[in-house]
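Worth knowing before you read on, the calculation uses all heavy atoms, side chains too, and leaves out hydrogens, waters and symmetry mates. Counting starts at 1 for both ligands and their atoms, in listed order. From a predicted model like this one, the values you see are computed outputs, not experimental measurements.
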Amino acid sequence: MADPGERAKRAGEERSAPARRRAHTTSHDLERYADLFARRTQVMRSSAMRDLMAITARPEVISLAGGLPDTSSFPPESFAAQMTRIAHESSAEALQYGPTEGFAETKACIVSVMEAEGMSPDPDDLIVTSGGQQAIDLIAKTLVDPGDPVICEAPTYPGAVPTFCSYEADVIQITTDDDGMRIDELTEVLARLAREGRRPKFIYSVPSFQNPAGVTLSAERRRRLVELAREHEVLVCEDNPYGLLRYDGEPQPTLYSLDGGDYVIYLGTLSKILSPGIRIGWVVAPPPVLEKIGLGKQAADLCTSTLTQYFVREYFAEGRWREYVDDLVEIYRSRRDVMLEALERHFPPQAEWTRPGGGLFVWATLPDYIDTTDLLAKALRENVAFVPGRAAYVDGRGAASMRLNFSGSGEDELREGVRRIGRVVSEQVELYETITREQLLGDEGEDGEEDTGGDVVPMRPRKRSP
Ligand SMILES: Cc1ncc(COP(=O)(O)O)c(C=O)c1O
């Protein structure tokens with residue numbers, strides 16, 4: 001029998017074999033499988049955040065890239081007590097398969113979360129999903145054939161982009177401003193599609209504290225959006241992970257409550273108000289649509305984790321879930337303010353950014369000669385990360401923007417992270433100004449004109465979003 005040292009060595013060699021193979025993949029190896037891939041794999045895109053997660057896991061990197069909630073603020077003793085109770089009282093059930101649509105007890109917890117935002121869905125209209133991400137995937141799987149129009153915001157949730165692409169949707173993005181999706185542009189797009197005889201499968205919107213832009217759809221636009229959905233008989237997918245994470249202002253009515261659930265499909269998640277690790281989200285949809293979504297879920301994963309549904313049940317039974325959301329609101333409000341102060345201090349005057357009233361993200365836009373995908377490589381050398389703006393578009397727009405997360409880092413880290421990004425941005429701005437100035441001087445020299453000094457470089461005026 002081999003000694004333990006020898007066994008460990010051999011195991012190590014076995015483990016590293018796939019990694020070695022990956023490192024030596026040749027075009028010949030790729031060709032061997034190429035004919036097997038479904039056509040849709042050609043349009044599948046990687047999620048920028050997922051790619052970045054591997055790099056940003058390094059402890060020396062300050063990541064403003066993820067959308068990570070602060071799970072360290074969840075009391076470990078509470079977690080331990082709930083899991084112990086489950087082990088003692090419901091071990092067999094918690095380790096068993098569960099119904100595809102989710103347990104009635106989980107649905108009751110979810111209904112109480114929706115009630116906190118003024119909605120009262122029928123639990124039968126609701127399916128528990130493996131995170132909100134699965135709900136987006138199931139909706140696209142249920143509704144989208146290749147080439148079907150899907151409308152969403154510009155920028156949109158970067159995690160939805162790979163989903164829409166993998167179902168080969170024809171994604172049409174509607175510009176957003178400080179009041180969310182521009183309804184005038186949406187009206188035109190809907191009219192154009194109607195003239196072309198194309199019915200969009202749905203309008204995907206994150207109306208409150210949007211990921212990535214941090215903006216919120218105004219009350220008036222919410223009403224118009226719901227009216228347009230009715231006029232055109234188009235479904236709206238309201239994705240609302242952040243509605244309860246509000247730091248300023250008054251809550252807006254959800255699209256679901258304005259519509260009553262005829263044309264609005266509602267997506268929620270416990271990821272940002274409890275834990276993303278438990279993978280509990282949900283979808284509320286009109287019964288015929290929900291039935292198809294349920295069939296899609298059966299094929300995808302049979303059921304959402306039974307164990308984490310039991311955890312949710314125990315946690316909500318304690319009756320303190322709102323208090324924890326209030327704690328998170330305090331933490332995040334303060335982090336948002338730290339980030340906004342740091343941006344003011346360290347970003348050059350040519351940059352502009354949003355001032356979110358809630359949620360987890362600030363969206364910063366730099367002068368358009370800066371490409372944030374290139375800038376990220378420079379930032380990573382300074383051990384700091386953000387999501388480049390292009391990830392939030394299907395059409396290559398967003399190159400000068402970046403998404404900055406303020407929930408997943410402590411206040412000192414936020415200041416330092418923004419300082420480092422500010423430095424690489426300022427370097428780019430200075431470089432551009434130097435080159436442009438030299439070019440201008442060169443041109444003027446050729447024309448024989450007088451040197452007008454250093455401040456002739458045309459720059460966009462400083463403008464800050466409210
Ligand atoms: C708008 C939006 N939808 C859906 C999700 C997915 O969340 P989860 O799958 O963790 O519930 C996120 C996560 O960041 C999000 O921001």
Side-chain angles (χ1 to χ4, degrees), residues 47-53 56 63-71 74 102 106 109-110 113-114 117 126-141 150 152-164 173 176 180-181 202-217 236-246 254-256 265-284 293 297 300-301 304-305 308-309 311-312 328 332 354 356 358-363 386-387 391-393 403-408:
S47 155
M49 291 105 57
R50 296 273 104 200
D51 290 348
L52 277 170
M53 251 183 139
T56 55
S63 178
L64 308 182
L68 309 190
D70 182 357
T71 43
F74 191 84
T106 321
C109 303
I110 288 170
V113 173
M114 289 184 68
E117 287 196 81
L126 187 160
I127 286 181
V128 182
T129 57
S130 300
Q133 189 68 31
Q134 186 185 45
I136 300 173
D137 184 76
L138 292 176
I139 288 166
K141 185 181 190 178
V150 164
C152 63
E153 289 142 351
T156 189
Y157 164 47
V161 170
T163 312
F164 298 155
Q173 291 193 268
T176 52
M181 191 193 305
F202 58 88
I203 302 167
Y204 171 79
S205 171
V206 184
S208 296
F209 318 125
Q210 197 229 22
N211 178 0
V215 296
T216 291
L217 195 66
V236 174
C237 263
E238 174 176 34
D239 189 2
N240 186 28
Y242 306 107
L244 290 174
L245 296 177
R246 183 170 48 82
T254 60
L255 302 173
Y256 180 82
I265 299 178
Y266 184 88
L267 278 62
T269 177
L270 296 182
S271 284
K272 312 300 174 167
I273 56 168
L274 172 56
S275 150
I278 60 173
R279 309 306 301 133
I280 300 284
W282 66 92
V283 51
V284 183
I293 291 175
K297 182 166 168 68
D301 66 354
T304 296
S305 164
T308 60
Q309 289 191 67
F311 166 67
V312 167
L328 290 175
Y332 296 160
T354 53
L360 311 184
F361 307 103
V362 169
W363 180 252
F386 54 81
V387 173
Y393 292 83
R403 190 191 76 174
L404 298 167
N405 166 264
F406 54 80
S407 58

Enumerated ligand 1 atoms positioned under 4.0 Å from heavy atoms of Asn211:
14 (O), 15 (C), 16 (O)
Enumerate the atoms of ligand 1 whose separation from the nearest heavy atom of Arg279 is less than 4.0 angstrom.
8 (P), 9 (O), 10 (O)
Just wondering, do Ser205 and Glu238 contact through their side chains at under 4.5 Å, heavy atoms?
no
With heavy atoms only and a cut-off of under 4.0 Å, state how Gln210 meets ligand 1: side chain, backbone, both or neither.
neither
May I have the step-by-step check of side-chain hydrogen bond (donor to acceptor under 3.5 Å, both in side chains) for Lys141 and Thr163, ending in yes or no?
CA-CA 9 Å; Lys141 185 181 190 178; Thr163 312; over 6 Å; no
Which atoms of ligand 1 are found less than 4.0 Å from any heavy atom of Asp239?
1 (C), 2 (C), 3 (N), 4 (C)
Main-chain N/O of Gly102 paired to Gln309 side chain as donor or acceptor, under 3.5 Å
no
Are Asp239 and Tyr204 close enough that a side-chain donor and a side-chain acceptor fall under 3.5 Å?
yes
Looking at ligand 1, would Pro241 count as a contact under a 4.0 Å heavy-atom criterion?
yes
Residue Ser271 vicinity, atoms of ligand 1 by number, heavy atom under 4.0 Å
8 (P), 10 (O), 11 (O)
Can any side-chain N or O of Ser130 pair as donor or acceptor with the backbone N or O of Arg279 at less than 3.5 Å?
no
Using heavy atoms and a threshold below 4.0 Å, how should the contact between Gln134 and ligand 1 be classified: side chain, backbone, both, or neither?
neither
Consider only side-chain N and O atoms of Glu153 and Gln173, and report whether a donor and an acceptor are under 3.5 Å apart.
no
Judging by distance only, is a nitrogen or oxygen of Gly132 under 3.5 angstrom from one on ligand 1?
yes
Ligand 1 to Gly131, heavy atom cutoff 4.0 Å, flagged ligand atoms 9 (O), 11 (O)
List ligand 1 atoms under 4.0 Å from Thr269, heavy atoms only on the residue side.
8 (P), 11 (O)
Got a donor-acceptor contact below 3.5 angstrom from the Thr269 side chain to the Gly131 backbone?
no
If the cut-off is 4.0 Å to any non-hydrogen atom of Lys272, which atoms of ligand 1 fall inside it?
13 (C), 14 (O)
Are Phe164 and Phe202 near enough that their ring centres are under 6.0 Å apart?
yes
